[in-house]
Amino acid sequence: MACSSAAALRTISSASVKLANSTSLTKSSSILVPFKLNNPSLITQCPRLQAATSCNFTVPKRSFTCRSQANSSDDPRPTKVQELHVYEINERDRGSPAYLRLSQKPVNSLGDLVPFSNKLYTGDLQKRVGITAGICILIENKPEKKGDRYEATYSFYFGDYGHIAVQGPYLTYEDTYLAVTGGSGIFEGVYGQVKLQQLVFPFKLFYTFYLKGIKDLPEVLLGKPVDPHPGVEPSPAAKACEPGAAIDNFTN
């Protein structure tokens, strides 16, 4: 009796295992994900894989367009060129420029740094508007021209009106053009270039900005510029920052 009962239990257990395995396979077959086999011969050995790989799937295609930077019609910024003239004057009261001889050589050499900050006046020299602030990296000494070539990155600050950032070549022996790379305040979104004229290095410089991408400049920053020459000087009232001879909240 005990032997027949044991046999019956073994029969029931075996049947339960088979039923469970069959159910598990049925459930798993419903969630099979197609995949690619490195060995195609395995497909013929497994009917389930053969059925799975026979399914075709399509991936939706997405198209995109690239707007050309050369297409100016897509740029909403104003394209009118506005000229702005300013004088940069080193009045020897700001400890500028500082020469950091990182090359540790007796002559100006590649890698020497020159941080600077000078006063800024309107082109007619009647108003103080702010300061310049930046740094020059010496690229090459030009003994035959008695000067140096620098790569400059600096800003022109105009008090509450904001600032203009520029970058490019700064030559001590001739005029150059630098790129206008951006700005803040009324100069937000500005681009263009600026002409740098050396009058008395490093004490007097004259700049002519050719600005695009901004609204009309305020009259207080404009005015007929004084012809650039080594003898130019700001008006006494502008140098003293008297009322009416400096813009409101000028950068100092």
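This chain uses plain numbering: 1 for the first residue, then up along the sequence.
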For the atom pair OG (Ser109) and CD (Gln104), what is the distance rounded to the nearest 0.5 Å?
-> 11.0 Å

Determine, using the 4.5 Å side-chain heavy-atom cutoff (strictly less than), whether Phe209 and Leu196 are members of one ILVMFWY cluster.
-> yes

Do Gln82 side-chain atoms and Lys215 backbone N/O form a donor-acceptor pair below 3.5 Å?
-> yes

Closest non-hydrogen contact found for Gly183 with Val190 is N-CG1, 3.9 Å

Thr122 side chain vs Leu221 backbone, donor-acceptor pair below 3.5 Å | no

Out of curiosity, does Ile139 fall in the hydrophobic cluster containing Leu178 (side-chain heavy atoms, cut-off under 4.5 Å, transitive links)?
-> no

If you measure from CG on Asp216 to CD1 on Ile214, what distance do you get to the nearest 0.5 Å?
-> 8.5 Å

Any chance you could measure Phe201, atom CZ, to Glu174, atom CD, to the nearest 0.5 Å?
-> 13.5 Å

So, the side chain of Ser184 versus the backbone of His163: is there a donor-acceptor pair under 3.5 Å, distance only?
-> yes

Do Val129 and Val226 sit in the same hydrophobic cluster, where Ile, Leu, Val, Met, Phe, Trp and Tyr count as joined when their side-chain heavy atoms come under 4.5 Å apart?
-> no

Do Leu199 and Leu205 come close enough that some side-chain heavy atom pair is under 4.5 Å?
-> no

Asp93/Lys119 salt bridge by N-O under 4.0 Å criterion | yes

Atom of Gln197, atom of Pro228 and distance for their closest heavy-atom approach = NE2-CG, 4.1 Å

Any side-chain heavy atom of Asn118 sitting closer than 4.5 Å to one from Ile131?
-> no

Contact check, side chains of Pro234 and Ile89, non-hydrogen atoms, under 4.5 Å | yes

Donor-acceptor pair between Gln167 and Thr181 side chains, under 3.5 angstrom | no

Check: Phe156 ring centre within less than 6.0 Å of Phe187 ring centre = no

Residue pair Val81 / Leu211, side-chain heavy-atom distance below 4.5 Å = no

Start with the C-alpha gap between Ile137 and Leu113, add the side-chain angles, then the distance that decides, and say whether side chain to side chain contact (heavy atoms under 4.5 Å, CB included) holds.
-> CA-CA 5 Å; Ile137 304 172; Leu113 301 180; 3.7 Å; yes

Nearest heavy-atom approach of Thr172 to Gly147 is OG1-CA, 3.2 Å

Chi angles and distances behind the side chain to side chain contact (heavy atoms under 4.5 Å, CB included) call for Asp148, Lys142 = CA-CA 5 Å; Asp148 298 301; Lys142 296 277 193 178; 5.9 Å; no

Expected output: side-chain Asp175 to main-chain Lys195 donor-acceptor under 3.5 Å = no

Taking all heavy atoms of Pro202 and all of Asn90, pick out the closest pair and write down the distance.
-> O-CB, 3.7 Å

Output the distance between atom OG1 (Thr251) and atom CG (Leu120), rounded to the nearest 0.5 Å.
-> 9.0 Å

Tell me, do Glu83 and Thr208 make a side-chain contact under 4.5 Å, heavy atoms counted?
-> yes

Side chains of residues 238-245: which donor-acceptor pairs under 3.5 Å do they make with residues two or more places apart or in other chains?
none

State plainly whether the residues Lys224 and Asp124 are in salt-bridge range, i.e. N to O under 4.0 Å.
-> no

Without swapping roles, check the side chain of Arg92 against the backbone of Arg94 for a donor-acceptor pair under 3.5 Å.
-> no

Heavy-atom check, side chain of Cys136 versus side chain of Thr153, under 4.5 Å | no

For Arg128 and Gly130, which heavy atoms make the closest approach, and how far apart are they?
-> NE-O, 2.9 Å

Give a yes or no on whether the backbone of Val232 and the side-chain of Lys204 come within a donor-acceptor separation of less than 3.5 Å.
-> yes

Within 6.0 Å of CD in Glu219, more than 12 heavy atoms from elsewhere | no

When you check the side-chain N and O atoms of Tyr207 and Glu88, is any donor under 3.5 Å from an acceptor?
-> yes

Here the pair of heavy atoms bringing Ala246 nearest to Lys127 is N-CG, 4.3 Å

Report yes if some heavy atom in the side chain of Ile186 is under 4.5 Å from a heavy atom in the side chain of Pro218; otherwise report no.
-> yes

Do Asn249 and Phe158 come within less than 4.5 Å of each other through their side chains, counting heavy atoms only?
-> no

Begin from the C-alpha positions of Tyr99 and Leu138 and carry the test side chain to side chain contact (heavy atoms under 4.5 Å, CB included) through to its verdict.
-> CA-CA 10 Å; Tyr99 202 96; Leu138 196 141; 3.4 Å; yes

Can you name the one residue among Phe206, Phe203, Tyr121 that meets ring-ring contact (aromatic ring centres under 6.0 Å, His included) with Tyr87?
-> Phe206

Does Ser96 reach the main-chain N or O of Ser117 with its side chain, forming a donor-acceptor pair under 3.5 Å?
-> yes

Check the pair Val194 / Tyr177 against side chain to side chain contact (heavy atoms under 4.5 Å, CB included), numbers first and verdict last.
-> CA-CA 6 Å; Val194 58; Tyr177 284 87; over 6 Å; no

Return yes if some donor-acceptor pair links the side-chain N/O of Thr176 with the main-chain N/O of Pro169 below 3.5 Å, else return no.
-> yes

Strictly by modelled atom types, are Asn141 and Arg149 linked by a side-chain donor-acceptor pair under 3.5 Å?
-> no

Distance (rounded to the nearest 0.5 Å) between Tyr150 OH and Ile135 CD1 = 11.0 Å

Enclosure of Glu188 CD (heavy-atom neighbours >12, cutoff 6.0 Å) = no

Can Leu84 be reached from Tyr210 by stepping across I, L, V, M, F, W or Y side chains whose heavy atoms are under 4.5 Å apart?
-> no

May I ask you to decide if the ring planes of Tyr170 and Phe116 are parallel, tilted or perpendicular, using 30° and 60° as cut-offs?
-> tilted

